[in-house]
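Here the structure is laid out as structure tokens; the discussion comes afterwards.
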Amino acid sequence: MTDDKSLNPKVDHAEENAYFPSDYSLNQFTSPVSDLSGYNYSSPHTGERKVLVIAADERYLMTDSGALFSTGNHPVETLIPMYHMHAAGFDFEIATISGYMAKFEYWAMPHKDEVIMPFFSQYRGKFQTPRRLSDILSGLHEHSEYAAVFIPGGHGALIGLPESSVVADIIRWFMNNERFVISLCHGPAAFLSLRNGYNPLKGYSICAFPDSADKQTPDIGYMPGHLTWYFGEALKQMGVNIINEDVKGRVFKDRKVLTGDSPFAANALGQLAANELLSVYGS
């Protein structure tokens, strides 16, 4: 029987009326060790191609109760796909909209993982001092070395990215130049940036975290209130088809758009991304 107190969101003392997920949620949905596997790629990329990672730069998400959810990028959703692409021979450029440091949901960090934690340490500096996304946009050209853009999940992806014209222009450039677009869970909320103007994702199918699951998270104290809007229904309104209605670790490929439904899809998405990148940019 669940202790009622374990369902209460935990106070984040760094901000007024801010909360982490409940003990129950952390017990159910986080682990000190990730499920990373299958990352040995026999013929890795040996060139200069790299992946642009658009990270979250905001910590607090307002809920309908007025309480703030302490969020950012989910570390498993960020680091496991990155590790697969790294193992396949690709380096990374980390960027945020503001150029300020990336924010993580550290409460979900697999802190005892003997592979992921050293990998995170390797890129910590880039997460702490990312590039400004607009600076990268201004430097893009036909022969830019970027093979893909990766937009990790975590509720932090709901803050700023869906309204950003820079994010929209980045996605347009990658799609127009036949590069890969990779995302999972709440990361596809960034696709909403395409609502104003040309939308190259119209008619595409993706996996994403379902709105129905988001509506249940306050019941277990994962969030201190309900979201004030839901990105899935907004994506459907702009012509994007979400193929999953549940969370089962599903991934999906539609042309060069690669997506996954949740942190449970992080390993499979990493494998898909690495293999797809190598199919085009192999050694």
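What's counted below: heavy atoms across the whole structure, side chains too, no hydrogens, waters or symmetry copies. Counting from 1, the numbers follow the sequence of the chain as shown.
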Item to check | Straight-line distance of K248 NZ to S262 OG, nearest 0.5 Å | outcome: 12.0 Å
Checklist entry - Is I171 close to S193 at the side-chain level, that is, under 4.5 Å between some pair of heavy atoms? => result yes
Checklist entry - Does the side chain of S165 pick up a donor-acceptor pair with the side chain of N196 at under 3.5 Å? => result no
Checklist outcome for this item: Across all chains, not counting sequence neighbours, the side chain to side chain donor-acceptor pair (under 3.5 Å) partners of E276 are K253
Checklist entry - Linking I/L/V/M/F/W/Y whenever any side-chain heavy atoms sit under 4.5 Å apart, do I116 and V33 land together? => result no
Checklist entry - For the residue pair F69 and Y222, does the interplanar ring angle fall in the parallel (under 30°), tilted (30 to 60°) or perpendicular (over 60°) class? => result tilted
Checklist entry - Is the closest side-chain donor-acceptor distance between H84 and N267 under 3.5 Å? => result yes
Checklist entry - Can you tell me how far CD of E77 sits from CD1 of I151, rounded to the nearest 0.5 angstrom? => result 13.0 Å
Item to check | Interatomic spacing from CG in D261 to SG in C185 - rounded to 0.5 Å | outcome: 7.5 Å
Checklist entry - With distance as the sole criterion, is a donor-acceptor pair present between the side chains of S6 and D23 under 3.5 Å? => result no
Item to check | Criterion ring pair (Phe, Tyr, Trp, His ring centres under 6.0 Å) on W107 and Y19, from CA distance to verdict | outcome: CA-CA 11 Å; W107 40 263; Y19 296 89; over 10 Å; no
Item to check | Sub-4.5 Å side-chain heavy-atom contact between F119 and D113 | outcome: no
Name every donor-acceptor pair, under 3.5 Å, that has one atom in a side chain of residues 85-103 and the other anywhere in the protein, sequence neighbours excluded.
unit_1	atom_1	unit_2	atom_2	d
D91	OD1	Y123	OH	2.7
E93	OE1	K50	NZ	3.0
T96	OG1	G99	N	2.9
T96	OG1	Y100	N	3.3
T96	OG1	Y100	O	2.8
S98	OG	D57	OD2	2.7
S98	OG	Y100	N	2.9
K103	NZ	D57	O	3.3
K103	NZ	M101	O	3.3

Checklist entry - What's the verdict on ring pair (Phe, Tyr, Trp, His ring centres under 6.0 Å) for F231 and F191, showing C-alpha distance, side-chain angles and the deciding distance? => result CA-CA 9 Å; F231 78 97; F191 298 165; 9.2 Å; no
Checklist entry - So do T217 and L227 actually touch side chain to side chain, heavy atoms under 4.5 Å? => result no
Checklist entry - Is the shortest heavy-atom distance from the side chain of M82 to the side chain of V53 under 4.5 Å? => result yes
Item to check | Identified side-chain hydrogen bond (donor to acceptor under 3.5 Å, both in side chains) partner of E105 from the options T71, T78, T30 | outcome: T71
Next on the checklist: If only side-chain N and O atoms count, and only distance matters, is there a donor-acceptor pair under 3.5 Å linking Y106 with H111?
Outcome noted: no
Checklist entry - Going by the angle between their ring planes, with limits at 30° and 60°, are F209 and H155 parallel, tilted or perpendicular? => result perpendicular
Item to check | Listed once per pair and sorted, the side chain to side chain donor-acceptor pair (under 3.5 Å) pairs that draw on residues 170-185, sequence neighbours left out | outcome: D169-R172
Checklist entry - Which atom pair, heavy atoms only, marks the closest approach of W229 to L158? => result CZ2-O, 3.7 Å
Checklist entry - What distance separates Q271 CD from I80 CD1, expressed to the nearest 0.5 Å? => result 10.0 Å
Checklist entry - Any side-chain heavy-atom pair from L235 and L192 closer than 4.5 angstrom? => result yes
Checklist entry - Quick one: are L161 and I159 in side-chain contact, heavy atoms under 4.5 Å? => result no
